[in-house]
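This report refers to the structure that appears directly beneath it.
Naming: A, B, ... by sequence-line order, numbering from 1 per chain. Here the structure is a predicted model, which means the values were calculated and not measured.
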Amino acid sequence: MREPSIDIKTEDAVFLAVNQPLDLRATIDSGQVFRWRWDGDWCYGVIGEHAYSMRQADGGLLVRSSATSQMEVSGPVADFLRLDDDLEDMLRDLANDTPLANAVKRWQGLRILRQDPWECLVGFVCSQVSNIPRISRNMASVAEAYGERVELDGRFLHRFPGAERLAAAGEDGLFALGLGFRARYLAKIADNVANGDVDLAALRLAPYGEAKAALTQMKGIGDKVADCVLLFSLDKMEGFPIDRWVMRALVDWYGHEEKARYGDLLSWAQERWGNRAGYVQQYLFHHRRLMG
DNA sequence: GAAGGGCCTTTGAG
DNA sequence: ACTCAAAGGCCCT
């Protein structure tokens with residue numbers, strides 16, 4: 001039996017009104033981000049320079065942060081959660097799409113996040129032939145080894161180290177953190193980003209195809225990882241990452257062949273769902289992974 | 001150009 | 001102890 005207690009963390013928390021469907025738990029736990037941690041109803045993580053904790057509350061969110069001004073608290077959080085997306089509008093017609101309707105109904109409020117592109121890129125290069133718990137460990141190792149510390153609620157979080165840092169760490173430094181064969185890719189990718197060969201910020205403004213080409217030209221980034229980065233950090237809502245789970249959904253629920261080519265499935269999904277494809281993918285992924 | 005197979009590290013589950 | 005799977009991709013036939 002739990003003792004009634006005052007939640008001291010709600011003191012001096014900022015209230016952020018949310019007039020959008022939001023399931024914070026499902027969103028944070030849907031394999032988009034790998035460095036957020038739960039402590040009861042509060043989740044802790046880093047957005048940009050600052051550490052944040054947030055908790056779902058009636059009509060919105062309670063947010064605490066190492067940032068000092070209220071603007072620095074609500075702005076980045078609203079941006080991160082893509083509260084500018086009209087989720088109801090995005091998902092409205094999908095109730096007629098039977099297999100999808102179940103997922104949408106079950107996980108209503110699962111949102112696509114708008115992450116920092118560099119951290120997102122590293123996370124999904126790490127995701128190759130891995131699993132979410134391990135990716136999380138890898139990302140924590142990288143941040144603890146090379147990122148600056150930020151304090152919040154007496155706990156220490158880490159900013160994600162920039163490309164220059166990881167380029168300096170090199171393949172050996174990254175391999176030592178347990179990244180396996182991914183260390184080689186990441187060292188080179190870090191180099192490309194650090195020296196300006198690839199400008200991630202610029203890709204946010206570029207069209208989908210152009211941005212994807214810029215990403216996949218780097219070794220270690222194929223169709224799938226690129227689509228994750230495009231969707232989760234570069235505002236390309238037509239991105240449709242197809243991993244094992246989404247593939248199973250496409251085969252079992254939409255009659256595709258197991259051997260279908262990535263590009264053909266991608267075109268099919270984008271034609272069917274347009275700029276909602278990214279959201280559709282996230283609901284399919286989450287539902288299939290957790291419900292089987 | 002397309003398709004298939006081996007290989008790349010590590011971890012945990014069964 | 002051994003096999004399989006895990007938000008894949010590269011490289012060589």
Side-chain angles (χ1 to χ4, degrees), chain A residues 26-36 103 107 110-117 119-142 145 169-190 192 198 212-234 236-253 256-267 269 277-292:
Chain A
T27 300
I28 293 295
D29 291 346
S30 67
Q32 301 182 62
V33 287
F34 305 103
R35 296 203 313 124
W36 285 79
W107 303 108
L110 167 57
R111 306 185 71 84
I112 298 292
L113 296 169
R114 182 185 286 112
Q115 301 179 47
D116 169 70
E119 178 172 347
C120 184
L121 177 52
V122 175
F124 283 97
V125 170
C126 285
S127 77
Q128 299 181 32
V129 205
S130 190
N131 51 67
I132 292 173
R134 184 184 172 189
I135 303 164
S136 302
R137 279 201 306 280
N138 288 160
M139 292 295 278
S141 301
V142 170
E171 180 181 344
D172 294 343
L174 296 172
F175 189 90
L177 296 178
L179 301 194
F181 65 88
R182 307 158 192 90
R184 181 187 306 266
Y185 294 144
L186 279 178
K188 178 66 176 164
I189 291 167
N192 290 143
V198 175
K212 187 166 192 176
L215 291 175
T216 53
Q217 92 188 32
M218 293 188 278
K219 288 185 200 271
I221 305 175
D223 265 316
K224 192 274 175 184
V225 169
D227 270 321
C228 287
V229 176
L230 291 166
L231 175 62
F232 301 143
S233 75
L234 294 175
K236 306 298 182 276
M237 306 316 286
E238 67 271 52
F240 191 82
I242 304 167
D243 79 314
R244 298 175 148 96
W245 298 106
V246 173
M247 179 62 86
R248 283 168 204 165
L250 293 179
V251 170
D252 294 346
W253 298 340
H256 288 285
E257 305 278 344
E258 294 92 339
K259 328 205 66 169
R261 293 179 339 194
Y262 190 101
D264 292 338
L265 294 172
L266 175 64
S267 302
Y279 267 99
V280 167
Q281 178 276 159
Q282 199 58 24
Y283 277 87
L284 290 177
F285 171 79
H286 196 61
H287 194 60
R288 188 74 196 203
R289 191 170 83 89
L290 297 185
M291 301 283 118

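- Atom CZ in A:F175 sits about 12 Å away from atom P in B:dC8, given to the nearest Å.
- Atom name C1', nucleotides C:dA6 and B:dC8: the rounded distance is 14 Å, in whole Å.
- The closest donor-acceptor contact from the side chain of A:Q115 to the backbone of A:Q32 lies under 3.5 Å.
- At a threshold of 4.0 angstrom between heavy atoms, the contacts of A:Y262 with the nucleic acid are absent.
- Atom-to-atom, CZ of A:R184 to C1' of B:dC7 comes out at 12 Å; the value is rounded to the nearest Å.
- Stacking of A:W245 onto the six-membered ring of C:dA7 is not present when judged by under 5.5 angstrom between centres and under 30° between planes.
- Sequence order on DNA chain C of the closest nucleotides to A:R248 and A:Q128 puts A:R248 first from the 5' end.
- Checking side-chain atoms of A:R134 against main-chain N and O of A:N131 turns up no donor-acceptor pair under 3.5 Å.
- C:dC12 and B:dT9: their P atoms are spaced 16 Å apart (whole Å).
- With hydrogens and angles disregarded, no donor-acceptor distance shorter than 3.5 Å links the side chain of A:K259 to the backbone of A:E257.
- When heavy atoms are screened at a 4.0 angstrom cut-off, A:V225 is found touching the sugar-phosphate backbone but no base atom.
- Of the candidates C:dG9, B:dG4, C:dA7, B:dG4 carries the atom nearest the A:K259 side chain, counting heavy atoms from C-beta on.
- Of the P atoms belonging to B:dG6 and C:dC4, the separation is 13 Å, rounded to the nearest Å.
- Ranking B:dA2, C:dA7, C:dG8 by closeness to the A:V129 side chain, first place goes to C:dG8.
- Remark: P of C:dA7 and CZ of A:R137 are 13 Å apart, rounded to the nearest angstrom.
- Base engagement by A:R182 is indicated by at least one non-hydrogen atom pair under 4.0 Å involving a base atom.
- Using the Watson-Crick or G-U wobble rule with both distances under 3.5 Å, B:dA2 pairs with nothing in any strand shown.
- Residue A:S30 is classed as a base contact, given a heavy-atom separation below 4.0 Å to a base.
- With distances taken from any side-chain atom of A:R134 to the nucleotides C:dA7, C:dC11, B:dT9, the minimum falls on B:dT9.
- Taking atom P in both B:dC7 and C:dA7, one finds a spacing of 24 Å when rounded to whole Å.
- A distance of 6.5 Å separates CG in A:L215 from CG in A:L121, rounded to the nearest 0.5 Å.
- Contact annotation for A:G31: base contact, defined as any heavy-atom pair under 4.0 Å involving a base atom.
- At whole-Å resolution of the value, CD1 in A:I132 and C1' in B:dG12 are 15 Å apart.
- Residue A:R244 places at least one side-chain N or O closer than 4.0 Å to OP1 or OP2 of C:dA6.
- Salt bridge annotation for A:D227-A:K212: present, with a cationic side-chain nitrogen under 4.0 angstrom from a carboxylate oxygen.
- Taking the centre of each ring, A:F34 and A:F124 come in below the 6.0 Å mark.
- For C:dG9, the paired nucleotide is B:dC7, the pair qualifying as Watson-Crick or G-U wobble because both relevant distances are below 3.5 Å.
- Distance A:I221 CD1 to C:dG9 C1': 11 Å, rounded to the nearest Å.
- Nearest-nucleotide assignment on DNA chain C puts the 5′-proximal partner with A:F34, out of A:M218 and A:F34.
- A:E257 places its CD atom 12 Å from the P atom of B:dA3, with the value rounded to the nearest Å.
- Atom P of nucleotide B:dT10 and atom CZ of A:F181 are separated by 10 Å, given to the nearest angstrom.
- Protein atom CG of A:L215 is 17 Å distant from nucleotide atom P of C:dG8, rounded to whole Å.
- Side-chain proximity of A:D243 to the nucleotides C:dA7, C:dC11, B:dG4 is greatest for C:dA7.
- Looking at heavy-atom distances under 4.0 Å, A:I242 makes no contact with the nucleic acid at all.
- Of the candidates C:dG8, C:dA7, B:dG12, the closest approach to any side-chain atom of A:P241 belongs to C:dA7.
- Side-chain N or O atoms of A:T27 include one that pairs as donor or acceptor with a backbone N or O of A:R111 at under 3.5 Å.
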